Amino acid sequence: MAAFAWGTLAASSLILGGLLALWLRVPRRALGLIMAFGTGVLTSAVAYELVEDSFERSAVGVGVGMLAGALVFYTGDALIDRIGGHNRKRSGDHPANSSAPAIVLGIVLDGIPESIVLGLTLVTSDTIGLAVLAAVFLSNLPEAVAATVGLRARSWRPAGVLGLWTTVTITSGLAALAGYLLLDTADPSVVAFVNAFAGGAILTMLADTMAPEAYENGGRSVGLVTTAGFLSAFLLTALS
């Protein structure tokens, strides 16, 4: 239940981001800078909370897991883009042929690896990884704001948008729960593989969606903000 609660809490920023986008007009530059900070935090969390821990358990598992995670996410993302889920995190440029079900599938695809990792941190260290928790929460917020603006531009009703984020939030909590239950007694090499798999998927997602959108909205300053996010997460990991 702790895994479910932490996973739900981390994903709850999707609901918060949706509410912000419905109530306020969030400047695109601010959105880009928040997304850049989240990119830095997630990158640090992958490096120090996932890959480093996995390497200590199984060096082979890290290499195979990261490549497999990247390939699976890339393939799934390409398929979702093809059926109309492209630009799902963008606050603008949502073409008329965008598919609502594909957008939903894409958002779930983006969030599942992060949520599984939260459950795994309870397996590997008996406590929640604060850097991972902060990374997931911060990265979800601007994504939800951008996607909500785009969905509203496609005539989605506020109730439908909030229903979407609530559903994804609960799904993320269940993914964190599954990550804990399925791997609580697993062999260390299996845990290493799954951790690395999620890390590879997250890095691919960052390069494919978050980083380009952050730069487009935030401009050249995103490099500095991304570094600040990375450093903040590193210090949180080192000091916790």
Side-chain angles (χ1 to χ4, degrees), residues 3 6-7 9-11 35-77 109-140 143 172 175-212 214 222-223 225-240:
W6 286 118
L9 174 63
M35 196 170 285
F37 190 85
T39 297
V41 172
L42 264 180
T43 303
S44 180
V46 169
Y48 295 103
E49 293 275 358
L50 303 183
V51 176
E52 185 177 42
D53 180 77
S54 297
F55 185 79
E56 294 174 355
R57 295 170 182 271
S58 172
V60 175
V62 170
V64 176
M66 288 201 70
L67 291 175
L71 181 61
V72 169
F73 182 89
Y74 175 84
T75 303
D77 191 53
L109 175 69
D110 296 338
I112 291 300
E114 301 168 352
S115 301
I116 291 175
V117 165
L118 282 170
L120 277 175
T121 59
L122 291 174
V123 174
T124 57
S125 60
D126 295 325
T127 184
I128 194 69
L130 293 179
V132 178
L133 180 66
V136 175
F137 189 91
L138 288 173
S139 65
N140 281 335
E143 292 176 22
S172 297
L177 175 61
Y180 179 83
L181 292 179
L182 296 177
L183 298 166
D184 185 26
T185 58
D187 185 88
S189 61
V190 175
V191 174
F193 173 84
V194 176
N195 250 341
F197 183 96
I202 291 171
L203 282 178
T204 306
M205 180 270 291
L206 291 175
D208 184 54
T209 58
M210 281 189 66
V222 300
V225 177
T226 301
T227 302
F230 185 96
L231 179 61
S232 299
F234 169 75
L235 293 175
L236 187 61
T237 300
L239 298 176
S240 61

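For the single chain, residues carry numbers from 1 onward in sequence order. The shown structure was predicted, so the numbers you read here are calculated from the model rather than taken from an experiment.
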Phe230 and Tyr48: CA distance, side-chain angles, deciding distance, side-chain contact (heavy atoms from CB on, under 4.5 Å) verdict
CA-CA 10 Å; Phe230 185 96; Tyr48 295 103; 3.6 Å; yes
Phe55 and Val62: which non-hydrogen atoms are nearest, and at how many Å?
N-CG2, 3.2 Å
Leu203 and Met66, any side-chain heavy atoms less than 4.5 Å apart:
yes
Distance-minimising heavy-atom pair for Val136 and Leu42
N-CD2, 4.4 Å
Using every non-hydrogen atom in the two residues, find where Ala176 and Gly7 come nearest and quote the distance to one decimal.
CB-CA, 3.8 Å
Ser44 side chain vs Gly40 backbone, donor-acceptor pair below 3.5 Å:
no
Can you name the residues that form a side chain to side chain contact (heavy atoms under 4.5 Å, CB included) with Ala11, not counting sequence neighbours?
Leu14, Asn140, Thr169, Ser172
Those residues at least two apart in sequence (or on a different chain) that pass side chain to side chain donor-acceptor pair (under 3.5 Å) with Ser189 are Asp187
Would you say Phe73 and Phe197 make side-chain contact, with heavy atoms under 4.5 Å?
no
Note: Thr39 and Ala211 closest approach over all heavy atoms is OG1-N, 4.3 Å
Do Trp6 and Leu133 touch side chain to side chain, with heavy atoms closer than 4.5 Å?
yes
With Ala175 via side chain to side chain contact (heavy atoms under 4.5 Å, CB included) - residues at least two apart
Ile112, Ser115, Ile116
Side chain to side chain contact (heavy atoms under 4.5 Å, CB included) filter on Phe137, not counting sequence neighbours, yields Ser12, Ser13, Leu16
Indicate the atoms forming the closest heavy-atom contact of Leu206 with Pro212, along with that distance.
O-CD, 3.9 Å
Option from Val225, Thr226, Thr227, Val222 for which side chain to side chain contact (heavy atoms under 4.5 Å, CB included) with Phe37 holds:
Val225
Heavy-atom pair with the smallest gap, counting every atom of Tyr180 and Ala3:
CB-CB, 3.8 Å
Side chain to side chain contact (heavy atoms under 4.5 Å, CB included) with Val64: which residues, sequence neighbours excluded?
Val60, Phe193
